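Just below is one structure, and these are the notes that go with it.
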Amino acid sequence: MVIKEILSRIGYVRNSANLSAREVSLRMGMSEQYVAQLESGRIVLTVEKLLQILEICNFSIERFFSSNINDYKVDKELENLIHSLPANKKKSIIEFIKQ
């Protein structure tokens with residue numbers, strides 16, 4: 001994942017939480033323009049600031065770095081369902097998908 005995608009995902013996270021860049025900035029104790037400047041790449045993102053943004057937006061780091069941020073909940077639900085199945089049913093699903 002490149003920095004441009006990470007910055008784009010910050011905007012996605014913020015919008016998913018229905019928060020403006022200004023509001024997130026202020027909750028972080030930063031200047032009003034901080035998050036907007038961060039999302040545009042004018043400020044260097046630190047891990048600490050990323051974690052702070054995720055916490056403010058109530059967004060898991062696992063979802064943030066998932067391969068498909070949009071389908072994460074569906075993928076996670078499917079994964080949990082598959083994990084709960086006995087081995088023979090998992091094999092049946094694999095065979096069905098291969099067809």
Side-chain angles (χ1 to χ4, degrees):
M1 184 177 305
V2 295
I3 190 68
K4 188 174 182 178
E5 184 177 354
I6 290 171
L7 298 178
S8 174
R9 284 180 178 222
I10 290 172
Y12 175 87
V13 166
R14 184 178 52 71
N15 287 321
S16 295
N18 293 316
L19 295 171
S20 67
R22 179 183 180 275
E23 187 171 356
V24 174
S25 296
L26 294 175
R27 288 187 187 188
M28 294 174 72
M30 305 301 286
S31 72
E32 293 181 5
Q33 305 83 16
Y34 179 80
V35 171
Q37 290 176 341
L38 182 70
E39 289 178 10
S40 69
R42 287 180 275 165
I43 295 176
V44 176
L45 175 66
T46 65
V47 172
E48 178 185 359
K49 295 300 182 194
L50 173 60
L51 295 176
Q52 193 176 7
I53 291 167
L54 294 177
E55 184 177 326
I56 289 167
C57 296
N58 195 30
F59 205 93
S60 77
I61 194 164
E62 182 182 38
R63 181 176 179 196
F64 185 82
F65 285 107
S66 67
S67 60
N68 190 336
I69 198 170
N70 297 314
D71 293 338
Y72 175 80
K73 288 181 181 178
V74 173
D75 292 346
K76 194 67 175 171
E77 182 179 4
L78 182 58
E79 179 184 332
N80 290 336
L81 289 170
I82 290 171
H83 279 291
S84 68
L85 292 173
N88 65 327
K89 290 198 176 195
K90 290 177 185 177
K91 289 178 183 176
S92 296
I93 291 172
I94 291 169
E95 291 305 315
F96 175 78
I97 292 172
K98 285 181 177 179
Q99 294 177 0

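Note that the coordinates shown come from a computational prediction; the quantities given were computed from them, not determined experimentally. Values reported hereafter were calculated over all heavy atoms of this structure, with side chains retained and with hydrogens, waters and symmetry mates removed.
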Scan the side chains in residues 55-65 for donor-acceptor partners under 3.5 Å anywhere in the protein, sequence neighbours excluded, and list what turns up.
from: Ser60; atom 1: OG; to: Arg63; atom 2: N; distance (Å): 3.0
from: Glu62; atom 1: OE1; to: Tyr72; atom 2: OH; distance (Å): 2.6
from: Glu62; atom 1: OE2; to: Lys76; atom 2: NZ; distance (Å): 3.4
from: Arg63; atom 1: NE; to: Ile69; atom 2: O; distance (Å): 3.2
from: Arg63; atom 1: NH2; to: Tyr12; atom 2: OH; distance (Å): 3.2
from: Arg63; atom 1: NH2; to: Ile69; atom 2: O; distance (Å): 3.3

Exercise for the section: Sequence neighbours left out, what passes side chain to side chain donor-acceptor pair (under 3.5 Å) with Ser40? Give chain and number order. Expected result: Arg42

Fill in the blank from the handout: By side chain to side chain donor-acceptor pair (under 3.5 Å), Asn15 pairs with (sequence neighbours left out) none

Practice task
Answer yes if Leu38 and Ile3 sit in the same cluster of Ile, Leu, Val, Met, Phe, Trp and Tyr residues linked by side chain heavy atoms under 4.5 Å apart, and no otherwise.
Solution key: yes

Problem - Close side-chain approach of Leu78 to Asp75, heavy-atom, < 4.5 Å - result: no

Completion exercise
To the nearest 0.5 Å, atom CD1 of Ile53 lies from atom CG of Leu45 at 6.5 Å

Which side-chain N or O atoms in residues 81-99 pair as donor and acceptor under 3.5 Å with protein atoms at least two apart or in another chain?
from: Ser84; atom 1: OG; to: Leu81; atom 2: O; distance (Å): 2.7
from: Ser92; atom 1: OG; to: Asn88; atom 2: O; distance (Å): 3.1

Handout entry: Pairs where residues 3-17 contributes a residue and the test salt bridge (charged side-chain N to carboxylate O under 4.0 Å, His left out) is met, not counting sequence neighbours
Key = Glu5-Arg9, Arg14-Glu39

Exercise for the section: Following the transitive rule for hydrophobic clusters with a side-chain heavy-atom cut-off under 4.5 Å over Ile, Leu, Val, Met, Phe, Trp and Tyr, establish whether Val44 and Ile6 coincide in one cluster. Expected result: no

Practice task
Check Ala21 against Ala36 and note the closest heavy-atom contact, atom names and distance.
Solution key: CB-N, 3.9 Å

Exercise for the section: Hey, could you give me each pair passing salt bridge (charged side-chain N to carboxylate O under 4.0 Å, His left out) that has a residue in residues 44-53? Not counting sequence neighbours. Expected result: none

Fill in the blank from the handout: Closest non-hydrogen atoms of Ser25 and Ser31, given as atom of the first, atom of the second and distance, are CB-O, 3.0 Å

Completion exercise
side chain to side chain donor-acceptor pair (under 3.5 Å) filter on Asn80, not counting sequence neighbours, yields none

Practice task
Can you measure from OG1 (Thr46) to CG (Leu51) and round to the nearest 0.5 angstrom?
Solution key: 8.5 Å

Handout entry: Any residue meeting side chain to side chain contact (heavy atoms under 4.5 Å, CB included) with Ser20, in chain and number order, not counting sequence neighbours
Key = Arg22, Glu23

Handout entry: hydrophobic_cluster_shared for Leu26 and Leu54, side chain cutoff 4.5 Å
Key = no

Practice task
Examine Ile43 and Val47 and state if one hydrophobic cluster contains both, with Ile, Leu, Val, Met, Phe, Trp and Tyr joined whenever side-chain heavy atoms are less than 4.5 Å apart.
Solution key: yes

